[in-house]
Amino acid sequence: HTELGYDGDRMLVIPNGFDLTAFRPDHQARAAVRRELGISAEALLIGLVGRFHPEKDHRTFLRAAAQLSTLFPDARFLLCGDGVNLDNPDLLQWVLEAGILNRCHLLGRREDVPRLTAALDIASSSSRSEGFPNVIGEAMSCGVPCVVTDVGDSARIVGETGRVVPQGDPRALAEGWREMIELGREGRALLGAAARSRVQEHFDLPLIVARYERLYRDIIARYSLEQEI
């Protein structure tokens, strides 16, 4: 915006906030979702939450999944969002090309995203472009470490609690997942706890609400002073 000519001195950026009561670690959800999918309780589950759209770049995600599967053939992949189902011919073709049809769960639009997110071992975003992607902060709130592409504010949200890779690079995305897998369950749990703490410190919803309230009070105070003058 400043490059377009907006006055940076009169600009305040307030990020989105996350409801840490709705999005939270949930071990029961982890077990229940695996039962629902018909996979083992210990199955490693990597997920992508997002509607089917070119900017979300599901194809890169699935190409990365194909590469990861050569090293970790038991890994499973969960994708949900509008248009993310087997009725989508493009998506189905990419899944078949990746050779992971029996390990890829396409759930379409869901109303239980907090539950599905909490069930993941690794959350991911393969987007080509983003603003401030809520799904990353939601996964972090659930104590799930993230591997994301370096677009929009994704890297800023994750900080040091996940992995950031170039967009459009399946090999780099698969490598980020591999690093997470090799941390082991305990290592991922520690990273996930750090991710939730980062959300608590920077993006907890009450903190963001307070920043808006402070902004409104400041504006009203300035307006009142101008009226008096």
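Expressed to the nearest 0.5 Å, how far CD of Gln200 lies from CG of Leu205 amounts to 13.0 Å. A distance of 7.0 Å separates CZ of Phe61 from SG of Cys104, quoted to the nearest 0.5 Å. To the nearest 0.5 Å, atoms CZ (Phe23) and CZ (Arg196) are separated by 11.5 Å. Annotation: the span from Arg211 atom CZ to Tyr216 atom OH amounts to 12.5 Å, rounded to 0.5 Å. One finds the CD atom of Gln67 at 12.5 Å from the CZ atom of Arg178 (value rounded to the nearest 0.5 Å). Atom-to-atom distance recorded for Leu44:CG and Ile122:CD1 is 5.0 Å, nearest 0.5 angstrom.
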**Request:** For the pair Ile136 and Val158, evaluate side-chain contact (heavy atoms from CB on, under 4.5 Å) and give the outcome as yes or no after the intermediate values.
**Result:** CA-CA 8 Å; Ile136 296 173; Val158 168; 3.7 Å; yes
**Request:** Let me see the working for Asp74 and Arg103 under salt bridge (charged side-chain N to carboxylate O under 4.0 Å, His left out), right down to the final yes or no.
**Result:** CA-CA 8 Å; Asp74 293 331; Arg103 283 171 281 129; over 6 Å; no
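In this structure, Arg188 does not pair ionically with Glu179, as no charged nitrogen and carboxylate oxygen lie closer than 4.0 Å. By the 4.0 Å N-to-carboxylate-O rule, Arg171 lies too far from Glu175 to be salt-bridged with it. Note on Arg59 versus Asp90: no salt bridge recorded, every NZ/NE/NH1/NH2 to OD/OE distance being 4.0 Å or above.
With contacts defined as side-chain heavy-atom distances shorter than 4.5 Å, the pair Ile46/Asp121 does not qualify. Residues Leu45 and Arg34 are in side-chain contact: their nearest non-hydrogen atoms beyond the backbone lie under 4.5 Å apart. In this structure, the side chains of Glu36 and Arg115 come closer than 4.5 Å at one or more pairs of heavy atoms. Inter-residue side-chain proximity for Leu173 and Asp169 is flagged as unmet; no heavy-atom pair is nearer than 4.5 Å. Using a 4.5 Å heavy-atom cutoff, the side chains of Glu160 and Arg198 are not in contact. Taking 4.5 Å as the limit, some side-chain heavy atom of Met180 sits within range of a side-chain heavy atom of Arg163. Side-chain contact between Met140 and Val144: absent, with no pair of heavy atoms (C-beta onward) separated by less than 4.5 Å. Annotation: side chain of Leu101 is in contact with side chain of Leu86 (closest heavy-atom distance under 4.5 Å).
Cluster annotation: Leu106 is connected to Leu68 through the hydrophobic network of ILVMFWY side chains, with a link wherever side-chain heavy atoms come within less than 4.5 Å. Connection of Ile181 to Leu183 is established within a shared hydrophobic cluster, with ILVMFWY side chains joined at heavy-atom distances below 4.5 Å, either directly or through further cluster members. Hydrophobic clustering, with ILVMFWY side chains joined whenever heavy atoms are under 4.5 angstrom apart, groups Trp177 together with Phe72. Cluster annotation: Leu120 and Val135 are assigned to distinct hydrophobic clusters (Ile/Leu/Val/Met/Phe/Trp/Tyr, side-chain heavy-atom contacts under 4.5 Å, transitive).
For Phe77 and Trp94, the ring centers sit 6.0 Å or farther from each other.
Arg76 places a side-chain N or O within 3.5 Å of a backbone atom of Asn102 that can act as its donor or acceptor partner.
With sequence neighbours excluded, the residues forming a side-chain contact (heavy atoms from CB on, under 4.5 Å) with Arg128 are Pro54, Glu55, Asp57, Gln167, listed by chain and number.
A donor and an acceptor atom, one from each side chain of Ser141 and Glu138, are nowhere located under 3.5 Å apart.
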